[in-house]
There are 2 protein chains.
Amino acid sequence: MAPAAVPVISTSELTVSAIKQDLSKAAVKPQLDASKLTYTFNKSPNTVPALNDPIRLEQNSTTDHMLTVKWTEKGGWEAPQLRPYGPLDLMPTASCIHYATQAFEGMKGYRGVDGKLRLFRPDLNSKRMTLSSTRIALPSFPPEELEELIKAFVAVDCAKWLPDPNTFIYIRPAIIASGAALGVQKPREATLFIIAVLFPPMDSPNGLRLLASKEDMGTRAWPGGHGWSKVGANYGPTLQAQGEARERGFDQILWLLGKEGRVTEAGASNFFIVWKHKYTGRLQLVTAPLGDKIILDGVTRRSVLELSRARLTHQPSEIRREVQHLEKVEVVEEDFTIHDLVEAHAEGRLVEAFACGTAFFVAPIAYIQYVDEGIDVPMTAATEDGGKAGPYASAIKTWLKEIMYGRVQHPWGVVVEERGAK
Amino acid sequence: MAPAAVPVISTSELTVSAIKQDLSKAAVKPQLDASKLTYTFNKSPNTVPALNDPIRLEQNSTTDHMLTVKWTEKGGWEAPQLRPYGPLDLMPTASCIHYATQAFEGMKGYRGVDGKLRLFRPDLNSKRMTLSSTRIALPSFPPEELEELIKAFVAVDCAKWLPDPNTFIYIRPAIIASGAALGVQKPREATLFIIAVLFPPMDSPNGLRLLASKEDMGTRAWPGGHGWSKVGANYGPTLQAQGEARERGFDQILWLLGKEGRVTEAGASNFFIVWKHKYTGRLQLVTAPLGDKIILDGVTRRSVLELSRARLTHQPSEIRREVQHLEKVEVVEEDFTIHDLVEAHAEGRLVEAFACGTAFFVAPIAYIQYVDEGIDVPMTAATEDGGKAGPYASAIKTWLKEIMYGRVQHPWGVVVEERGAK
């Protein structure tokens with residue numbers, strides 16, 4: 001049927017034009033380079049809405065600028081541009097809107113009690129974004145260059161939006177396959193961008209109500225999948241079930257896996273419990289392990305584990321003063337099932353539960369529904385912002401806030417020197 | 001921390017502004033309505049590239065127009081617009097580029113030997129798109145309205161691009177969460193669009209070489225996931241492995257599932273084999289079943305099954321003349337593993353294998369690599385376009401082409417009356 005002049009194609013669906021990357025040339029292509037950043041400032045800057053402005057509830061108020069960097073397979077990384085916030089120039093054939101060739105990060109910029117601007121462990125977000133990007137067939141880059149770009153963006157764009165101490169702004173680095181080409185194939189063009197979004201305060205003073213997923217609500221992640229990475233494909237498929245949960249009066253889904261009901265994540269957050277172990281009777285802080293790549297390697301998750309190991313696992317006499325009233329815990333990354341949780345609750349061994357993630361921070365869980373079983377999770381401590389939580393979540397939350405808002409100096413709280421948009 | 005005037009929020013990550021849909025109002029919101037279509041014609045139309053123009057290899061040459069329809073939770077469906085092809089107006093906060101809130105369809109417009117323009121079973125694509133859309137938390141709509149819109153788009157926009165009989169154009173209906181709102185929540189705004197892309201001929205005269213996936217290459221779909229639907233989240237996560245396969249000289253991945261190595265799909269196509277059953281010795285045409293929603297309910301897959309059941313399962317004397325030289329087959333939707341396939345090959349029971357899907361049509365498989373095991377798949381028949389295939393794939397391919405290109409009149413070949421862009 002095809003005229004002889006048409007190249008004979010023997011590759012699979014929509015992929016005839018795939019060109020093998022010339023790896024020898026790839027080595028000399030320009031890498032992502034933060035030092036090449038150019039600045040074009042917004043001449044019509046917006047005003048900063050008050051903290052109680054309802055516009056923040058919409059979570060679509062952005063700042064004056066965005067930072068963009070284009071990558072092509074042929075030419076490598078172009079010079080990053082900080083420029084006025086505005087629409088992306090995407091054609092209807094862009095791979096990212098058809099094949100979910102997209103990955104992102106979530107982090108916050110904090111205005112400290114000392115007036116300084118801080119990021120929280122931006123090195124971890126930057127490293128994770130390289131991993132997510134390559135998982136979804138988008139390009140790799142040196143994570144320290146992304147970290148520098150995030151800092152440069154925050155220095156210019158975010159300072160103005162955080163006039164008050166103890167406030168934060170949400171920062172979203174993302175990378176998308178932006179090229180116009182409908183082939184189901186490894187993208188040959190991408191755009192990395194950084195934007196910032198104004199959020200309302202997101203405290204959960206009364207604790208979250210979770211609905212444990214049933215099989216017909218879907219599965220968030222699977223062995224061999226991509227649950228460990230921050231790719232868009234982990235999120236959209238959960239929203240239908242999330243919407244159903246909302247309609248039934250729950251805040252989020254507690255995602256279970258497999259017939260055994262492994263507890264994995266709560267909504268888009270990691271999930272922790274504190275319980276007394278069934279056999280040893282020892283107090284444990286438990287979360288699902290990263291081993292089989294189902295669980296997101298959350299920055300807050302990691303920080304909770306590290307702080308808990310440093311500050312909660314010793315003998316009471318060695319424990320930090322502010323938690324000396326608490327029993328020491330074992331910090332454990334191990335699988336557990338919803339049945340273990342139901343049993344622990346029934347036997348009075350469940351001490352507390354909380355979700356954690358960047359956007360939602362450390363959020364105590366008040367209630368979990370599993371089929372006909374209701375689990376009232378204890379929340380016996382007061383938090384510094386006037387809500388309730390479990391005593392361990394409360395302590396951990398305070399420690400993290402101290403670092404984020406500069407009440408203590410800590411290597412995780414990375415100060416960014418402000419620079420005006422001028 | 002939060003001033004008292006800020007609403008207290010007790011929902012989960014990034015979802016504070018979720019508003020419950022008022023279902024009583026939803027009922028009276030405007031539905032998708034093809035009769036409201038408005039036309040704005042392109043005043044700078046492009047010229048049609050020759051069939052052998054290399055530009056077709058890029059798969060990013062589009063036509064003069066696109067059709068777009070906006071939906072909002074508040075206002076329902078707006079009037080569809082056929083308008084000049086151009087960029088989508090997406091903000092960097094659009095849900096579709098962060099959370100894979102996107103679904104699509106793939107179909108073709110055919111220029112028949114009788115000069116008529118045809119679609120192939122557009123009702124099936126339209127129905128599947130409503131299912132994919134709701135799976136990814138996007139709105140539902142009456143599938144027959146989408147079908148009418150596809151026909152209207154093809155009538156105006158595609159005719160010009162198919163000057164020659166026996167040619168096709170690729171049509172891509174899609175729906176994306178286009179609203180500017182970064183919350184991880186059910187989208188409140190969406191855009192449905194239809195575009196057409198010029199493809200090169202995509203025949204595989206020598207058969208495809210498949211690499212069976214190993215666990216470290218990922219899993220395409222899983223129980224409780226969304227493999228059955230055409231959501232973007234099924235595609236991006238496979239591209240890294242696909243790229244690796246290409247670099248090793250294969251055309252596509254044969255996706256296996258679980259430790260038992262269930263054979264699911266080939267690349268983004270359904271996968272069929274013909275073999276002699278191990279115990280009964282009977283000839284079977286086998287493909288994986290739809291039961292647990294892992295396998296895409298492909299239009300070509302369904303058509304292959306229906307045609308085979310109608311024309312290949314009878315006694316030889318009742319079989320259609322053109323396949324009277326072939327033995328009758330049982331047509332079976334049943335799970336089988338890569339080990340079954342290896343064994344069948346070793347025992348000389350493997351007759352043929354082929355992939356099928358809209359873009360790639362019916363593509364014979366020549367070779368499958370599983371770890372250290374190589375399976376040379378027989379391709380004993382000549383196809384009408386001068387290539388090789390298994391005898392059953394060859395017959396099925398011919399039957400489908402007859403319908404698509406109007407060599408026979410069949411209800412699956414739906415004629416679209418042309419209407420110029422004027």
Side-chain angles (χ1 to χ4, degrees), chain A residues 1-3 5-6 10-14 16-17 52 57-60 87-93 96-102 104 136-137 166 176 180-184 186 195 197 200-201 204 206 218-219 222 224 226 232-233 235-237 239-240 243 251-252 267-269 357 359-360 385, chain B residues 1-3 5-6 10-14 16-17 52 57-60 87-93 96-102 104 136-137 176 180-184 186 195 197 200-201 204 206 215 218-219 222 224 226 232-233 235-237 239-240 243 251-252 267-269 357 359-360 385:
Chain A
M1 245 181 59
V6 174
S10 66
T11 56
S12 202
E13 186 170 358
L14 296 189
V16 288
S17 60
N52 58 1
L57 290 174
E58 295 295 322
Q59 292 176 250
N60 58 8
L88 294 170
D89 188 27
L90 285 181
M91 292 308 279
T93 48
C96 64
I97 61 171
H98 297 273
Y99 310 125
T101 38
Q102 51 185 244
F104 68 92
I136 205 74
N166 279 320
I176 58 175
L182 208 59
V184 178
K186 216 172 162 179
I195 57 173
V197 181
S204 308
N206 300 316
T219 300
W222 188 261
H226 33 79
Y235 295 83
L239 299 182
Q240 185 192 34
D251 297 303
Q252 274 296 356
S269 303
F360 205 47
D385 48 12
Chain B
M1 246 178 61
V6 174
S10 66
T11 55
S12 204
E13 187 169 358
L14 295 190
V16 286
S17 61
N52 58 0
L57 289 174
E58 295 295 324
Q59 291 175 251
N60 58 8
L88 294 171
D89 188 27
L90 284 181
M91 293 306 281
T93 48
C96 64
I97 60 171
H98 295 274
Y99 310 125
T101 38
Q102 52 184 246
F104 69 91
I136 206 74
I176 58 174
L182 207 59
V184 178
K186 219 171 160 181
I195 58 174
V197 181
S204 307
N206 300 315
E215 278 195 11
T219 300
W222 51 78
H226 33 79
Y235 296 82
L239 300 181
Q240 185 191 33
D251 296 303
Q252 273 298 356
S269 303
F360 205 46
D385 48 10

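Lettering follows sequence order; numbering is per chain, from 1.
Residues passing the ring pair (Phe, Tyr, Trp, His ring centres under 6.0 Å) test with H98(A), sequence neighbours excluded: F193(B). Partners of T219(A) under the side chain to side chain contact (heavy atoms under 4.5 Å, CB included) rule, at least two apart in sequence or in another chain, are W222(A), L257(A), W222(B).
Summarising the geometry of G236(A) relative to T101(B), their closest heavy-atom pair is CA-CG2, 4.1 Å, with the distance given to 0.1 Å. For the residue pair P237(A) and A233(B), the shortest heavy atom distance occurs at CG-CB, 3.9 Å.
Ring geometry for Y99(A) versus F104(B): interplanar angle over 60°, hence perpendicular rather than tilted (30 to 60°).
Across A181(B), G218(B), G243(B), G224(B), the residue that shares the most heavy-atom pairs under 4.5 angstrom with chain A is G224(B).
In this structure, chain B has heavy atoms under 4.5 Å from both the backbone and the side chain of I97(A). For a residue to count as touching a neighbouring chain, one of its non-hydrogen atoms must lie under 4.5 Å from one of that chain's; by this rule L88(A) touches chain B with backbone and side chain alike. I195(B) touches chain A through its side chain: at least one heavy atom from C-beta onward sits under 4.5 Å away, while N, CA, C and O do not.
Rounded to the nearest 0.5 angstrom, C96(A) SG and L90(B) CG are separated by 8.0 Å.
Side-chain N or O atoms of Q240(A) include none that pairs as donor or acceptor with a backbone N or O of K186(B) at under 3.5 Å.
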After noting the C-alpha distance and the side-chain angles of I136(A) and L239(B), does the key distance pass the side-chain contact (heavy atoms from CB on, under 4.5 Å) rule?
CA-CA 7 Å; I136(A) 205 74; L239(B) 300 181; over 6 Å; no
